[in-house]
Amino acid sequence: MTEAGSLIPLLVLVGPTASGKTKLAIDLAQNLNGEVISADSRILYQELQIGVAKPSLSELDTVPHHLISIATLDDPWSLGQYQQTARATILDVSQRKRLPILCGGTGQYVRALLQNWQVPALEEQPRLRTAIENWGEEVGYDQLWKALGIVDAKAAQAIDPRNKRRTVRAWEVILSTGKRFSSRRGIYSSPYNTLTLGLEWPREVLYKRIDQRIDDMFDQGLLEEVGGLIAAGYGKSLKRMGIIGYSELIAYLEGEYSLEEAVRLLKRNTRIYVRRQANWFKAKDPQIVWLKADDPALLENALDRVNSWLNLN
RNA sequence: GCCGAGUUAGCUCAGUUGGUAGAGCAUUCGACUGAAAAUUGAAGGGUCCACAGUUCAAGUCUGUGACUCGGCA
């Protein structure tokens, strides 16, 4: 156990998509001598720009940003890879006497860092994974899960039988490492002393912001971006990853439905995503200090909170 | 004005020979420690346009009225 005083201070900024995290993170970093570390599973990829609302080049110039555009779609990252890199980055920023600001909407990434999940970083094994998926399609994923129960009962117990992806991943890890999927599970204490700020909007207002932002994305050339990715051969893998904004437009460009339908689905899927995000960042979570995002004094409110937190340390 | 079709959940609509209602979408809530914008479970929500009639019983049959959409004048 580490003493509270020796924990690394980490400011965390969470909230649903389109809530204004990017801007607030930059403002906070400028005021607090900080650096922004992204916790977003898609901003990780260098090929994705408009559809994932990646910070602009000028925004990236104002303060140092980390874990943005560092992976490629040819070589998707696992949670373990993200976690390892993020840990090292937080440590590095902190050792340079600057404040690390973890900012992002991927709940799993944030929680894996804050709760210190033990996640070995086995990257995706494309050929093995495809073989397992074919196996699942053939005999049924429930059979895949049952078979998992024989090899690794603990893992099967921890995985919902309906969760195909996690079942496949479990087999992927077992077959490529020769170790049990469940062997590294456990809860460990956090190396960070955190303050978590959350950006809060009334649902209805947030939905309107999302619709507006999606319209803006088209103005910025989202269709061209997606067309370029298809031309570069990424259509299939993007569709497989199921990334909102890309899946829908790829389907449109491939003639599955109209552009109007694609836009409708994009907006709809983003709203559904917001609701799922709320499962990770809950309004009643005592660890999160929720700030009203439409308050003109948002930055001042946030700075007040952060400064009193820093003074305690 | 006449003829026809329609009015059922927030929206689009099903609803068998009469037995007080369903679906999809939307909305809301939940699970998730090795791909997570993924995967996945559940819930709330109806004076069935109104009034009258027939009937033990009407969303369903009959009449009248209101409104909507076509067509004809």
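Lettering follows sequence order; numbering is per chain, from 1. Hydrogens, waters and symmetry mates are skipped; everything else that's a heavy atom, side chains included, is used.
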Novice: Of the nucleotides B:U39, B:U33, B:A35, which has the atom closest to the A:Asn163 side chain?
Specialist: B:U39
Novice: Which value, in whole Å, describes the distance between the C1' atoms of nucleotides B:C3 and B:A9?
Specialist: 33 Å
Novice: Return the nearest nucleotide to the side chain of A:Arg169; candidates are B:C32, B:A35, B:C25.
Specialist: B:A35
Novice: Let me have the donor-acceptor pairs involving side chains of residues 218-232 of chain A, under 3.5 Å, with sequence neighbours excluded, atom names and distances please.
Specialist:
from     : atom 1 : to       : atom 2 : distance (Å)
A:Glu225 : OE1    : A:Ile50  : N      : 2.7
A:Glu225 : OE2    : A:Gln49  : N      : 2.8
A:Glu225 : OE2    : A:Tyr246 : OH     : 2.6

Novice: Salt bridge check: are A:Arg127 and A:Glu172 linked by an N-O gap of less than 4.0 Å?
Specialist: no
Novice: Salt bridge or not for A:Asp215 and A:Lys267, using N-O below 4.0 Å?
Specialist: yes
Novice: Roughly how many Å is it from CD in A:Gln108 to P in B:U39, rounded to a whole number?
Specialist: 14 Å
Novice: Nearest nucleotide by nearest heavy atom, which residue falls closer to the 5' end of RNA chain B, A:Gly51 or A:Asp160?
Specialist: A:Gly51
Novice: Starting from C1' on B:U39, measure out to CD on A:Gln277 and report it in whole angstrom.
Specialist: 16 Å
Novice: Starting at OH of A:Tyr82 and ending at C1' of B:A35, how long is that distance when rounded to a whole Å?
Specialist: 15 Å
Novice: Specify the separation, in whole Å, of atom CZ of A:Arg268 and atom P of B:G24.
Specialist: 12 Å
Novice: Could you tell me how far B:G30 sits from B:A50 if I compare only their P atoms? Round to whole Å.
Specialist: 37 Å
Novice: What I want to find out is whether A:Arg264 reaches A:Glu248 closely enough, with some N-O distance under 4.0 Å, to be called a salt bridge.
Specialist: no
Novice: For B:A42 versus B:A36, give the span between their P atoms, rounded off to a whole number of Å.
Specialist: 25 Å
Novice: Between B:A52 and B:G59, how far is it from one P atom to the other, in whole Å?
Specialist: 14 Å
Novice: Could you measure between the two C1' atoms, the one in B:U39 and the one in B:U33, and give it in whole Å?
Specialist: 15 Å
Novice: In whole angstrom, what separates A:Arg111's CZ from B:C32's C1'?
Specialist: 9 Å
Novice: Heavy atoms only, 4.0 Å cut-off, all strands: where does A:Tyr109 land among base, sugar-phosphate and nothing?
Specialist: sugar-phosphate
Novice: Between B:U7 and B:G15, how far apart are the C1' atoms? Round to whole Å, please.
Specialist: 15 Å
Novice: Apply side chain to side chain contact (heavy atoms under 4.5 Å, CB included) to residues A:Thr72 and A:Tyr234 and explain how you reach the verdict.
Specialist: CA-CA 11 Å; A:Thr72 164; A:Tyr234 291 117; 4.3 Å; yes
Novice: Which nucleotide in the set B:A36, B:A35, B:C25 lies at the smallest distance from any side-chain heavy atom of A:Ser78?
Specialist: B:A35
Novice: For A:Ala170 and A:Ile243, take the nucleotide of RNA chain B holding the closest heavy atom to each; which residue's nucleotide lies nearer the 5' end?
Specialist: A:Ala170
Novice: Let me confirm one number: the CD-CD1 distance from A:Gln46 to A:Ile68, rounded to the nearest 0.5 Å.
Specialist: 13.0 Å
Novice: Look at all strands and tell whether A:Glu204 reaches a base, only sugar-phosphate, or nothing, counting heavy atoms closer than 4.0 Å.
Specialist: nothing
Novice: What integer distance in Å separates A:Leu265:CG from B:G24:P?
Specialist: 17 Å
Novice: Please measure how far the P atom in B:A23 lies from the corresponding atom in B:U55, and state the result in whole Å.
Specialist: 35 Å
Novice: Going by an N to O cut-off under 4.0 Å, is there a salt bridge joining A:Arg162 and A:Asp142?
Specialist: no
Novice: For residues 23-36 of chain A, pull every pair meeting side-chain hydrogen bond (donor to acceptor under 3.5 Å, both in side chains), keeping only residues two or more places apart or in separate chains.
Specialist: A:Lys23-A:Asp27, A:Asn33-A:Arg98, A:Glu35-A:His66, A:Glu35-A:Arg96, A:Glu35-A:Arg98
Novice: When clusters are formed by joining ILVMFWY residues with side-chain heavy atoms under 4.5 Å apart, either directly or through shared neighbours, do A:Leu199 and A:Val14 land in the same one?
Specialist: no
Novice: Polar atom pairs between nucleotides 28-30 of chain B and protein, under 3.5 Å, N or O only, would you list them?
Specialist:
from  : atom 1 : to       : atom 2 : distance (Å)
B:U28 : OP1    : A:Arg203 : NH1    : 3.2
B:U28 : OP2    : A:Tyr207 : OH     : 2.8
B:U28 : OP2    : A:Arg275 : NE     : 2.6
B:C29 : OP2    : A:Arg203 : NH1    : 3.3
B:G30 : N7     : A:Asn279 : ND2    : 3.1

Novice: Whole Å only: how far is the CD1 atom of A:Ile43 from the P atom of B:A36?
Specialist: 14 Å
Novice: Tell me the interatomic distance from A:Trp145, atom CH2, to B:U40, atom C1', rounded to whole angstroms.
Specialist: 14 Å
Novice: Using the ring-ring contact (aromatic ring centres under 6.0 Å, His included) rule, collect all pairs that involve residues 125-159 of chain A, keeping only residues at least two apart or in two chains.
Specialist: A:Trp135-A:Trp171
Novice: For B:G10 versus B:A26, give the span between their P atoms, rounded off to a whole number of Å.
Specialist: 16 Å
Novice: My validator wants the stems of RNA chain B: runs of 3 or more consecutive Watson-Crick or G-U pairs, both distances under 3.5 Å, written as range with range.
Specialist: B:1-7 with B:66-72, B:10-13 with B:22-25, B:27-31 with B:39-43, B:49-53 with B:61-65
Novice: Taking ring-ring contact (aromatic ring centres under 6.0 Å, His included) as the test, write out the residues that go with A:Tyr82, two or more places apart.
Specialist: A:Tyr109
